[in-house]
Amino acid sequence: MDRLNERAELMGRMLDTIGAMKGLPGGVQADVDMETAARRCMSCQETEKCRQWLEHHEDGAEAPLKDCANAILFESWLKI
């Protein structure tokens with residue numbers, strides 16, 4: 001459970017940091033995309049890199065961490 005909570009917190013912070021929370025799509029596809037993103041985040045081996053990136057971008061960022069497994073998906077939400 002701790003891992004799940006940690007990853008959900010990091011994913012939420014990433015979405016907030018890049019401003020993608022405002023662009024989250026609705027509907028069934030959004031549910032599928034969010035589940036896919038959560039699975040990728042759960043299996044990610046770059047947790048510490050993500051945490052450090054977030055700490056260095058507390059004032060926001062225009063795009064997610066380049067090495068983020070969800071970078072392409074999160075960037076697509078910025079364009080909505």
Side-chain angles (χ1 to χ4, degrees):
M1 256 343 220
D2 290 339
R3 183 177 179 171
L4 178 64
N5 289 335
E6 172 196 39
R7 301 304 171 91
E9 184 257 338
L10 289 172
M11 193 168 97
R13 283 179 58 199
M14 180 68 72
L15 292 170
D16 281 337
T17 297
I18 64 171
M21 290 297 273
K22 300 172 196 159
L24 292 177
V28 174
Q29 187 60 46
D31 292 343
V32 171
D33 287 347
M34 190 59 80
E35 182 177 337
T36 299
R39 287 179 193 266
R40 286 180 188 149
C41 194
M42 282 297 294
S43 63
C44 181
Q45 301 298 310
E46 302 294 339
T47 306
E48 191 55 37
K49 192 176 206 179
C50 179
R51 187 178 311 286
Q52 289 175 4
W53 186 91
L54 288 164
E55 288 174 9
H56 286 95
H57 292 87
E58 289 180 340
D59 293 332
E62 293 183 16
L65 170 69
K66 187 171 31 169
D67 296 336
C68 177
N70 287 308
I72 293 171
L73 177 61
F74 292 168
E75 287 172 355
S76 75
W77 292 345
L78 291 172
K79 297 173 184 171
I80 294 176

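Side-chain atoms are counted along with the backbone in the values below, which use heavy atoms only and exclude waters and symmetry mates. Please read all numbers here as calculations on a predicted model, not as lab measurements.
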Original post:
Is it true that Glu35 and Arg39 have a side-chain N and a carboxylate O under 4.0 angstrom from each other?
Top reply: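 A salt bridge is present here (some side-chain N lies under 4.0 Å from a carboxylate O).
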Original post:
Between Glu6 and Arg51, is there a salt bridge with N-O shorter than 4.0 Å?
Top reply: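 Yes.
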**OP:** Answer yes or no: are there more than 12 heavy-atom neighbours, outside Glu62 itself, under 6.0 Å from its atom CD?
**Re:**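 For Glu62, atom CD is not crowded (no more than 12 foreign heavy atoms under 6.0 Å).
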Measure the [atom1]-[atom2] distance between [X] and [Y] for me, rounded to the nearest 0.5 Å.
X: Cys68; Y: Met14; atom1: SG; atom2: CE; value: 5.0 Å
X: Lys22; Y: Leu15; atom1: NZ; atom2: CG; value: 12.0 Å
X: Asn5; Y: Leu10; atom1: CG; atom2: CG; value: 11.0 Å
X: Cys41; Y: Leu4; atom1: SG; atom2: CG; value: 9.5 Å
X: Leu54; Y: Thr17; atom1: CG; atom2: OG1; value: 5.0 Å
X: Leu65; Y: Glu46; atom1: CG; atom2: CD; value: 8.0 Å

**OP:** Using the side chain to side chain contact (heavy atoms under 4.5 Å, CB included) rule, take Lys49 and Asp67 through it: C-alpha gap first, then chi angles, then the decisive distance, then the call.
**Re:** CA-CA 9 Å; Lys49 192 176 206 179; Asp67 296 336; 2.3 Å; yes
Subject >> For Ala69, all residues meeting side-chain contact (heavy atoms from CB on, under 4.5 Å), sequence neighbours excluded >> reply: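 For Ala69, the residues satisfying side-chain contact (heavy atoms from CB on, under 4.5 Å) (neighbours in sequence not counted) are Arg40.
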**OP:** Taking side-chain contact (heavy atoms from CB on, under 4.5 Å) as the test, write out the residues that go with Asp31, two or more places apart.
**Re:**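 side-chain contact (heavy atoms from CB on, under 4.5 Å) list for Asp31, sorted by chain: empty.
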**OP:** Take the angle between the ring planes of Phe74 and Trp77 and call it parallel below 30°, perpendicular above 60°, tilted in between.
**Re:**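 Tilted: the ring planes of Phe74 and Trp77 meet at 30° to 60°.
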Subject >> Backbone N/O of Met42 and side chain of Arg3: donor-acceptor pair under 3.5 Å >> reply: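 It does hold such a pair.
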Original post:
Do any N or O atoms from the side chain of Gln45 and from the backbone of Ser43 form a donor-acceptor pair under 3.5 angstrom?
Top reply: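 Yes; at least one donor-acceptor contact below 3.5 Å.
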